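Every heavy atom of this structure was used, including side-chain atoms; hydrogens, water molecules and symmetry mates were not. This is a predicted model, so every value here is computed, not measured.
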Amino acid sequence: MKQWKRTWMSAMAAVLVIGAITACSSGSDGGKKEEAGGTSSTDTKVSKLKLLGPQGSNKYIRFDDRDKYPVWKEVDKMFTDAGLQLDYELVPAEQYKVTVQTRMASGSALPDIVNISNLDNTTVLNLAKQGVLLDLNPLIEKYSNGNIKKMYTEEFPYAKKSTTSPDGKMYWFSDLHKKTYQGKTPAPVSLTMLLRKDWLDNLNLPVPTTAAEYLQTLKTFREKDANGDGKQNEVLVYDPSAFSGAIAQWFGLGTDITAVDVENKKVVSPWYQDGIKDYFRYLQQLVKEGVLDTSLIGATGEQKQQKMTENQVASLSDYNLESYQEPTINGGGEFLPLMPLKAVDNITPAAQLEPPFLVWQKYAITKDCKDVEAAIKFFDTVYSDKYADLLYWGIEGQMYKVDSNGAKVYINNVSEEELAKMGQATGRQLFGDTVFPRVQFANLEFELSGAPKYKADNEVNILSYKPYFVNMNDNYLAIPDDQQLEKKTKILTNLTTYSQELATKLALGQKSLDNWDQYISELKKLGLDDLIAINQQLLDRYDSIQ
């Protein structure tokens, strides 16, 4: 998905995310609890655990070669000190979905700990109802040394909201990520409209400050042949079928058919918001003036990339700190991220943000685990500050350093092939997303250190900008119960299709805004109001979870 492109590609261009692993058996320790944050006991009885997870796909940094990496030796020592002996069952990533589905459905000869990220919430909750997966809350209460609770209630309080089932139980642990600026300030990044900075500079054009000026700039690019190929082919790449393009937020609109207004704790729909008609009138202008490339609506990524490569893309919606577009342009180019532009007099333009807090992946303890205390000890080790540091940053002095402002920054900005030769992979590259959850304390300082000043300035300005909508609405909705999920699924099947087709035809001028009441009536018939109501219930439950 597009949002992950920002998280995994922009944070460190030379460091991509991978991982690989899994594990085996049972045992018993002496029941002694260690201090939170570390484990070391010479008299702890060794407990064996079987772990099942996907193999890593990185051809350079492989878990099979883990012993050559200093970061693994540090992590392995943590588990040894905790009295844990881990057995890994590694399944090729492309085969893992079928493998885990089959193994979990059989309900027999299961590992102690399993990565069930390939299973949707409905499947997981059904397995829990069948007793295949254990409720973690009482196990945490009974056996944890405090690390798990600290991470889920203090460091990542939103994680509990995202992983609490409708019956109030918790059946899986997750990857946890947060990004901060200057130590404490949550640091979202924005998805905005990018505009060719080099073309602005070459044509001596000012940066647009309103939607009207933005349109005029795109027209001028074409009229003055900004790319210098003698043709008027400089275009805006924008998909009007959804509301996830940043122009929609200039008109105060949410990012999906229903969207979470996080500040006001309210679920809204762009179809009901004040700026919706003005938004479609504006898109019609973009089409009429020839600047919005209608041939790319519904096009594949390859087709859009071809336009980029041919130096024809004047503007597009993407992350403000993107660093992966410019290198693909023949002859080079620079994209300037725009702040939200004023489009309608009585509407403050909104920003679109990727949340600074992310929760994803699922790791469960199965009914066949004979030593649940050891399994909790495994997760206590994972959910510790030391592990988090090794996983995301690696070893200080080798893989990262602390700058003069106290922020961690990576040292080895080289390719993964070079990192493998150097033996300097971080934990997330070596074993993340296998059976080892990620715990990531990221910072914005590192991203800004590698960004041009105009992009860094935009990001700093966006940190305090309001209003805003998020690009991950489901992050703020509790897990639905069976009835809510069934109803949502039924509604979305037809509602999504109709909404996308209607939005596209309105943007292209193929449907008239004069028939607005008819369109709203059809959206209501397809369940828009019911969907808003269900999602509001889920948002309310999310906000109520402590």
Side-chain angles (χ1 to χ4, degrees), residues 1 3-12 15-23 51-58 61 63 71 75 78 93 96-97 100 113-121 124 133 136 140 147-165 170-180 186-189 354-365 375-376 378-394 425-443 471-472 474-476 479:
M1 293 189 302
Q3 56 263 37
W4 299 112
K5 179 171 63 180
R6 167 72 207 146
T7 304
W8 309 134
M9 293 184 68
S10 174
M12 190 166 76
V15 181
L16 300 178
V17 177
I18 65 123
I21 107 179
T22 52
L51 293 84
L52 171 64
Q55 222 172 38
S57 57
N58 190 291
I61 303 171
F63 187 70
V71 73
V75 173
M78 292 182 69
Y96 189 69
K97 183 174 182 179
V100 74
I113 295 172
V114 58
N115 183 330
I116 53 171
S117 304
N118 290 112
L119 307 182
D120 60 38
N121 288 352
V124 173
L133 303 179
L136 301 173
I140 295 169
N147 284 358
I148 296 170
K149 187 172 289 188
K150 178 176 181 288
M151 287 294 179
Y152 272 74
T153 60
E154 296 177 28
E155 298 289 358
F156 303 87
Y158 49 87
K160 192 169 182 62
K161 297 174 183 286
S162 299
T163 54
T164 297
S165 64
M170 178 177 166
Y171 296 109
W172 66 82
F173 292 107
S174 296
D175 288 357
L176 306 177
H177 172 96
K178 71 175 177 181
K179 186 188 300 178
T180 57
V189 294
E354 178 176 276
F357 314 114
L358 302 176
V359 181
W360 76 109
Q361 300 288 79
K362 304 183 185 83
Y363 308 85
I365 300 175
I376 292 299
F378 169 83
F379 287 105
D380 268 330
T381 305
V382 164
Y383 292 118
S384 67
D385 292 339
K386 182 177 181 180
Y387 172 93
D389 214 32
L390 289 167
L391 178 121
Y392 193 72
W393 294 102
T426 64
R428 66 191 175 106
Q429 296 170 294
L430 184 60
F431 53 76
D433 292 340
T434 54
V435 290
F436 292 114
R438 300 190 198 200
V439 186
Q440 303 186 163
F441 291 91
N443 67 52
N471 70 328
M472 299 181 186
D474 286 345
N475 263 30
Y476 296 87
I479 300 170

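Taking the centre of each ring, Phe63 and Phe431 stay at or above the 6.0 Å mark. In summary, the aromatic rings of Tyr158 and Phe357 are positioned with their centroids under 6.0 Å apart. In summary, the aromatic rings of Phe156 and Phe441 are positioned with their centroids under 6.0 Å apart.
Looking at Lys362 and Phe173, their side chains never come closer than 4.5 Å, going by heavy atoms from C-beta outward. By the 4.5 Å heavy-atom criterion applied to side chains, Ile376 and Ile148 are counted as neighbours. Between Leu176 and Gln440 the shortest side-chain heavy-atom distance does not fall below 4.5 Å. In this structure the side chain of Ser174 never reaches within 4.5 angstrom of the side chain of Trp360, judged on heavy atoms. Using a 4.5 Å cut-off on side-chain heavy atoms (C-beta onward), Val71 and Leu430 make contact. Side chains of Thr434 and Asn115 form no contact here, defined as non-hydrogen atoms less than 4.5 Å apart. At least one side-chain heavy atom of Pro355 sits less than 4.5 Å from a side-chain heavy atom of Met472. For the pair Met151 and Val439, the minimum side-chain heavy-atom distance is below 4.5 Å.
Here the closest heavy-atom approach between residue Asn475 and residue Leu358 is recorded as ND2-CD2, 4.1 Å. When every heavy atom of Pro437 is checked against every heavy atom of Asp175, the shortest pair comes out as CA-OD1, 3.3 Å. Shown here for Ile116 and Ala364, the closest heavy-atom pair between the two residues is CD1-CB, 3.7 Å. Tyr96 approaches Val114 most closely through the heavy-atom pair OH-CG2, 3.7 Å.
Atom CG in Asp380 sits 10.5 Å away from atom CE in Met78 (nearest 0.5 Å). The CE atom of Met170 lies 4.0 Å from the OG1 atom of Thr163; values are rounded to the nearest 0.5 Å. Here OG1 of Thr381 is found 7.5 Å from CG of Asn147. Values are rounded to the nearest 0.5 Å. In this structure, OG on Ser162 lies 10.0 Å from CG on Asp474, to the nearest 0.5 angstrom.
Scanning for ring pair (Phe, Tyr, Trp, His ring centres under 6.0 Å) contacts around Phe378 gives Phe79, Phe436, with sequence neighbours left out. For the salt bridge (charged side-chain N to carboxylate O under 4.0 Å, His left out) test, residues two or more places apart in sequence or in another chain that qualify with Lys149 are Glu141.
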Legend entry - Residue pair Tyr363, Phe379: steps toward the ring-ring contact (aromatic ring centres under 6.0 Å, His included) verdict: CA-CA 10 Å; Tyr363 308 85; Phe379 287 105; 7.1 Å; no
Inset, instruction - Please report the C-alpha distance between Val100 and Leu119 in whole Å, then the side-chain angles of each, then the deciding distance to 0.1 Å, and finally whether the side chain to side chain contact (heavy atoms under 4.5 Å, CB included) criterion is met. - result: CA-CA 8 Å; Val100 74; Leu119 307 182; 4.1 Å; yes
